[in-house]
Amino acid sequence: MRTSWADLAANSASENAGTSNSTAPSRPVYVPPHLRNRGPSESLAPAPPSNNNNNVGSRWGALPPRNGWGNRSGGWDRREVNPFGGQEDAAAEEELGGEEQQESTGINFDAYEDIPVETSGENVPPAVNTFAEIDLGNALNQNIRRCKYVKPTPVQRHAIPISLAGRDLMACAQTGSGKTAAFCFPIISGIMRGQAQVLQRPPPRGVRTVYPLALVLSPTRELSMQIHEEARKFSYQTGVRVVVAYGGAPINQQLRELERGVDILVATPGRLVDLLERARVSLQMIRYLALDEADRMLDMGFEPQIRKIVEQMDMPPAAARQTMLFSATFPKEIQRLASDFLSNYIFLAVGRVGSSTDLIVQRVEYVQESDKRSHLMDLLHAQKANGVQGKQALTLVFVETKKGADALEHWLCRNNFPATTIHGDRTQQERELALRSFKSGNTPILVATDVAARGLDIPHVAHVVNFDLPNDIDDYVHRIGRTGRAGKKGLATAFFNDNNASLARALADLMQEANQEVPDWLSRFAARSSFGGGRNRRSGGGRFGGRDFRREGSFSRGGSDYYSAGNNSSGYGTSGGYGGGYGPGVTSAWD
DNA sequence: AAAAAAT
């Protein structure tokens, strides 16, 4: 019987020393990172004093690099690869001055002042203004310094205290301003604290099953990669291990990484289901669930998979885990679906960055289908002339179809514009190469389908061209959000023609809300095509990414009413409840 | 209708 952490730690230590290859597989009983890898006596002793005091308890003592939880490979002792590339260690030691700091973060914090924030739900924990106010622990604080984060962004100021208080969260907030950190910090901190409680349930003893404590899901492979890279920085030398799993890449390498231990698993849904069905991963120990681009994850294409993962595998129920949903657009219908996954959650809406200053200049031009290519060429020529040192500024061109993407790429290349493309018909290798080549400026034009519309943080995208406009205004919002990142300026140009009539109203409204110049012809289009203008209608004003759907309509008396009333006769069982498909669809101007 | 996501 293993009844104490000392025993567990001892066992863990012996496994890690490679002496227990024949022992039982990993047991999903929680051992906090700072107790792993220790001998029995050591585990009971106070942790060594931290080398960088910041009034956190001894439990935050300096943590040795270790292998992760769920690991039985034994003897993995290798030094953790420094995700900062070795450059940042020095920076972490020194305190930089204000201006310099802000410059070096790459985030223009001035753009984050005066951002409207709205919260709803019961007992909302107060926001913080500095990282110092939050007890994240020494190791994490050091990584925050290494990342050169000086002060929390608005979404972090609100979301982190909410998460640290153990509350579920539905957050409407822009990416590129620290959204990943907003859910990673509390997860890492919580895992380190050992807040994750022992789950009293006998595990099925799959031979090489691993038991992550946190699961982060995202809708595209590249976004999962990006989250993984960021999370690794945040968890460097915390003892918390982050592993990523996604399709299109050899599974064996991912399996090996998993076997080395995993605390936080970042994944796309398909590959995760595969891993679950192979019993290589169990969700029994999940204490934290985060869905990035949550509205996308719950739309028609994804919902069944997500439901399967969250509700039909071995994930603990909502009340037994902490769930955080993030997106910049949150239609009411999706909020309703999402509320199934949440328990007494807090809704958080953070207004757009630069809601008054408009960091993204949006232009719409009327361009017939047949003129689009030459029009694009004109734009590219013009900006080449303006470009720094005659170089083409990074331009992201969105098209509707995969074939269209290939065709446009070839045409651009033939016309001496170095372009590449990313879409779902390309191999994962090609996709990753394309993204790297674009980011590096090697191929300054990237033609993309909506695979690249969400969440991807590509610094220095100067221009987003909607060569083909999407049918849904939310997609437009996500696409243009690839520029104007981190509080910097950006330009978005859309080619509009009769085929886009159904988007006219929503587009005109959106641009108006963002204080953009709306061409007269577009207003006329909008007036003409607005009757019954369906799902593209937005509402709730331009300040927020969304409003808490619990506050809308007849169930606004109090958040809890919604849960207790079984959708019976209280007046919102009908389509009126959440707008019959197009009501106040909640969107923000951003991710 | 298209795109994404497992092999």
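Each chain gets a letter, A, B and so on, in the order its sequence line appears, and its residues count up from 1. Just so you know, these numbers use all the heavy atoms, side chains as well, and skip hydrogens, waters and symmetry mates.
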In whole Å, I'd like the distance from the CD atom of Glu303(A) to the P atom of dA4(B). 20 Å
Glu277(A) CD to dA5(B) P, in whole Å, measures 18 Å
Can you see if the side chain of Lys402(A) gets near the phosphate of dA4(B) - specifically, an N or O under 4.0 Å from OP1 or OP2? yes
Distance-only donor-acceptor test, Asn471(A) side-chain atoms vs dA1(B) base atoms, 3.5 Å: yes
dA3(B), dA6(B), dA5(B): which one has an atom nearest the side-chain heavy atoms of Asp274(A)? dA6(B)
Salt bridge (Lys or Arg N to Asp or Glu O under 4.0 Å) contacts in which one or both residues fall within residues 417-434 of chain A, not counting sequence neighbours: Glu222(A)-Arg431(A), Lys402(A)-Asp425(A), Arg426(A)-Glu430(A)
To the side chain of Thr268(A), which of dA1(B), dA4(B), dA5(B) is closest? dA5(B)
Between atom CD in Glu293(A) and atom P in dA3(B), what is the gap in whole Å? 19 Å
Rounded to the nearest angstrom, tell me the gap between atom CD in Gln305(A) and atom P in dA6(B). 7 Å
What class does the angle between the rings of Phe183(A) and Phe326(A) fall in, given that below 30° is parallel, 30 to 60° is tilted and above 60° is perpendicular? tilted
Proximity of Trp521(A) and Phe496(A) rings by center, below 6.0 Å: yes
d(CG, Asp425(A); P, dA5(B)) in whole Å: 11 Å
Atom CE of Met297(A) to atom P of dA5(B): distance rounded to whole Å? 11 Å
Report yes if a donor N or O on one partner sits less than 3.5 Å from an acceptor N or O on the other, where the partners are the side chain of Arg221(A) and the base of dA5(B); otherwise report no. no
Any side-chain N or O of Thr449(A) under 4.0 Å from OP1/OP2 of dA4(B)? yes
Leu276(A) atom CG is separated from dA6(B) atom P, nearest whole Å, by 12 Å
For Arg479(A) and dA4(B), what is the distance between atoms CZ and P respectively, to the nearest whole Å? 11 Å
Who pairs with His375(A) by ring pair (Phe, Tyr, Trp, His ring centres under 6.0 Å), at least two apart in sequence or on another chain? Phe495(A)
